[in-house]
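Note that these values count all heavy atoms, side chains included, but never hydrogens, waters or copies made by symmetry. Numbers restart at 1 for each chain; the letters A, B, ... are given by sequence-line order, proteins then strands.
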Amino acid sequence: MSEIAERVARVLDDPENWPDDPKEAVARQRVLADRVRVEPLDVDAVRLVAGLDVSYATDNSALSAAAVILDVQTLEVVESVAISSEPTFPYISGLFGFRELPPVLEALGALRTTPDVYLCDGFGMAHPRRFGIASHLGVLLDLPVVGSAKSVLYGKHSVPGNERGSWTPMVAGRSEVVPDSPALAREGAEVIGRVLRTRAGVKPVYVSVGHRVDLEGSAELVLRLSPKYRVPEPVRHADRLCGEHRKAVLAAKG
DNA sequence: GCGACAG
DNA sequence: ATCTTGTCGC
């Protein structure tokens with residue numbers, strides 16, 4: 001059993017990590033949020049990135065989670081795993097991790113390759129309590145995790161230029177789009193993420209620090225991982241894989 | 001109280 | 001997230 005698989009087992013087996021009540025979940029987030037750490041991320045040193053995602057059945061009776069490891073240089077799949085399970089926590093905006101992490105952790109535990117960085121489809125510190133799913137995963141396993149979301153949950157920001165690579169900062173505050181960014185970048189503003197245009201003329205993605213990475217490196221990494229499509233490749237692969245896996249399991253069971 | 005609300 | 005066909009545009 002790999003070192004990470006052991007950590008995963010410990011995390012999943014600790015009842016403290018999986019409250020049933022949303023109220024307790026929020027309290028748990030407040031405790032774990034203090035453990036989030038921002039560290040420099042040397043993007044050039046990153047070789048393998050694991051993309052994570054979960055797919056749900058319409059009736060909420062089943063789900064599949066996938067972890068796909070890609071080589072940053074070639075963007076080729078190095079290893080991929082998918083597992084099926086059932087939801088154990090309802091979808092509540094802001095408490096995403098309690099719903100998706102159990103199956104995601106199960107998938108990660110089945111991986112035999114060890115990635116340098118993990119990439120979640122969701123937020124890290126760009127969250128009301130600075131504890132989105134990317135931070136949640138990072139703290140539970142104490143590993144580097146980056147968050148890349150497709151829409152906004154929290155924070156104000158302006159719209160970046162239309163060229164690929166242009167970006168604007170997201171600062172703490174109620175979710176809101178403002179005309180210009182200068183006011184946002186002012187001294188004292190708490191930057192919690194970055195709106196990044198990964199593809200010209202297409203809706204941007206929202207990058208934020210999960211754990212043990214920095215925003216600059218996270219954005220650079222996400223941009224490298226999105227040479228052709230809006231969503232970074234590892235997440236696209238994971239999204240496709242868990243979707244197919246869920247349907248295959250459904251067909252197999254009947 | 002009202003509106004917002006990752007996947 | 002998921003359910004779904006066609007359709008507008010580069």
Side-chain angles (χ1 to χ4, degrees), chain A residues 22 25-26 29 33 36 51-68 82-107 118-139 145-157 162-164 170 172-178 192-196 198-211 218 222 228-232 234-251:
Chain A
V26 170
Q29 287 188 320
V36 174
L52 315 167
D53 199 20
V54 179
S55 173
Y56 300 89
T58 305
D59 61 3
N60 213 43
S61 66
L63 63 77
S64 282
V68 181
I83 61 93
S84 63
S85 183
E86 287 126 49
T88 57
F89 195 89
Y91 168 69
I92 300 175
S93 179
L95 297 179
F96 208 25
F98 296 97
R99 178 176 175 75
E100 297 212 336
L101 288 184
V104 162
L105 285 165
E106 192 181 325
Y118 293 82
L119 185 56
C120 277
D121 188 8
F123 293 104
M125 298 186 356
H127 175 281
R129 290 173 292 282
R130 311 294 183 278
F131 200 67
I133 189 169
S135 296
H136 201 158
L137 174 64
V139 167
V145 184
V146 170
S148 175
K150 299 186 293 297
S151 62
V152 182
L153 164 66
Y154 170 83
K156 47 176 57 175
H157 66 84
N162 271 158
E163 331 80 67
R164 166 182 147 76
M170 294 178 78
R174 194 200 67 179
S175 176
E176 175 183 20
V177 178
V178 297
I192 57 175
R194 188 175 288 194
V195 183
L196 177 65
T198 53
R199 205 184 160 177
V202 173
K203 178 178 179 174
V205 294
Y206 306 85
V207 181
S208 55
V209 170
H211 184 56
S218 296
V222 168
K228 190 174 170 58
Y229 301 104
R230 173 167 93 109
V231 175
V235 171
R236 286 187 72 239
H237 281 273
D239 177 82
R240 182 179 52 69
L241 180 59
C242 63
E244 293 176 343
H245 186 270
R246 184 174 57 72
K247 290 164 189 168
V249 170
L250 179 63

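- Closest approach to the A:A149 side chain among B:dA6, B:dC5, C:dC3 is made by B:dA6 (side chain taken as heavy atoms from C-beta onward).
- One finds a side-chain N or O of A:S151 lying less than 4.0 angstrom from the OP1 or OP2 phosphate oxygen of B:dG7.
- Aromatic stacking of A:Y91 on C:dA1: not satisfied for centres closer than 5.5 Å together with planes under 30 degrees.
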Worked verdict on A:H157 versus A:Y206 for ring pair (Phe, Tyr, Trp, His ring centres under 6.0 Å): CA-CA 10 Å; A:H157 66 84; A:Y206 306 85; 5.7 Å; yes
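- Two residues are said to be in side-chain contact when any heavy atoms from C-beta on lie closer than 4.5 Å; A:I192 and A:Y154 meet this criterion.
- Within the 4.5 Å cutoff, no side-chain heavy atoms of A:L63 are placed close to those of A:E86.
- Using a 4.0 Å heavy-atom distance criterion, A:G147 is classed as making no nucleic acid contact.
- Here A:K150 does not reach the OP1 or OP2 of B:dA6: none of its side-chain N or O atoms lies under 4.0 Å away.
- Rounded to a whole Å, the CZ atom of A:R99 is 11 Å from the C1' atom of C:dT2.
- To the nearest angstrom, C1' of B:dA6 lies 12 Å from CG of A:D53.
- The interatomic distance linking A:I92 (CD1) with C:dA1 (C1') rounds to 15 Å, in whole Å.
- Using a 4.0 Å heavy-atom distance criterion, A:D59 is classed as making no nucleic acid contact.
- If you take CD1 of A:I192 and P of B:dA6, they are 14 Å apart, rounded to a whole angstrom.
- Note on A:L101: nothing from the nucleic acid sits closer than 4.0 angstrom, heavy atoms only.
- Nucleotide C:dT4 holds its P atom 10 Å from the NZ atom of A:K247, rounded to whole Å.
- You'll find that the side chain of A:L153 is closest to B:dC5, out of C:dA1, C:dC3, B:dC5.
- In this entry the distance linking CZ of A:F96 with P of B:dC5 reads 15 Å, nearest Å.
- For A:S55 and C:dT2, the shortest distance from a side-chain N or O to OP1 or OP2 is below 4.0 Å.
- At least one side-chain heavy atom of A:H136 sits less than 4.5 Å from a side-chain heavy atom of A:F98.
- Here the side chains of A:V205 and A:V222 are in contact, with some heavy-atom distance below 4.5 Å.
- What separates OH of A:Y56 from P of C:dC3 is a distance of 14 Å, to the nearest Å.
- With rounding to the nearest 0.5 angstrom, the CD1 atom of A:I133 is 11.5 Å from the OG atom of A:S208.
- To the nearest angstrom, P of B:dC5 lies 15 Å from NZ of A:K156.
- Taking every heavy atom of residues 127-135 of chain A and every atom of DNA chain C, no pair lies under 4.0 Å.
- Judged by the 6.0 Å distance and 45° axis criteria, A:R130 is not positioned over the aromatic ring of A:F123.
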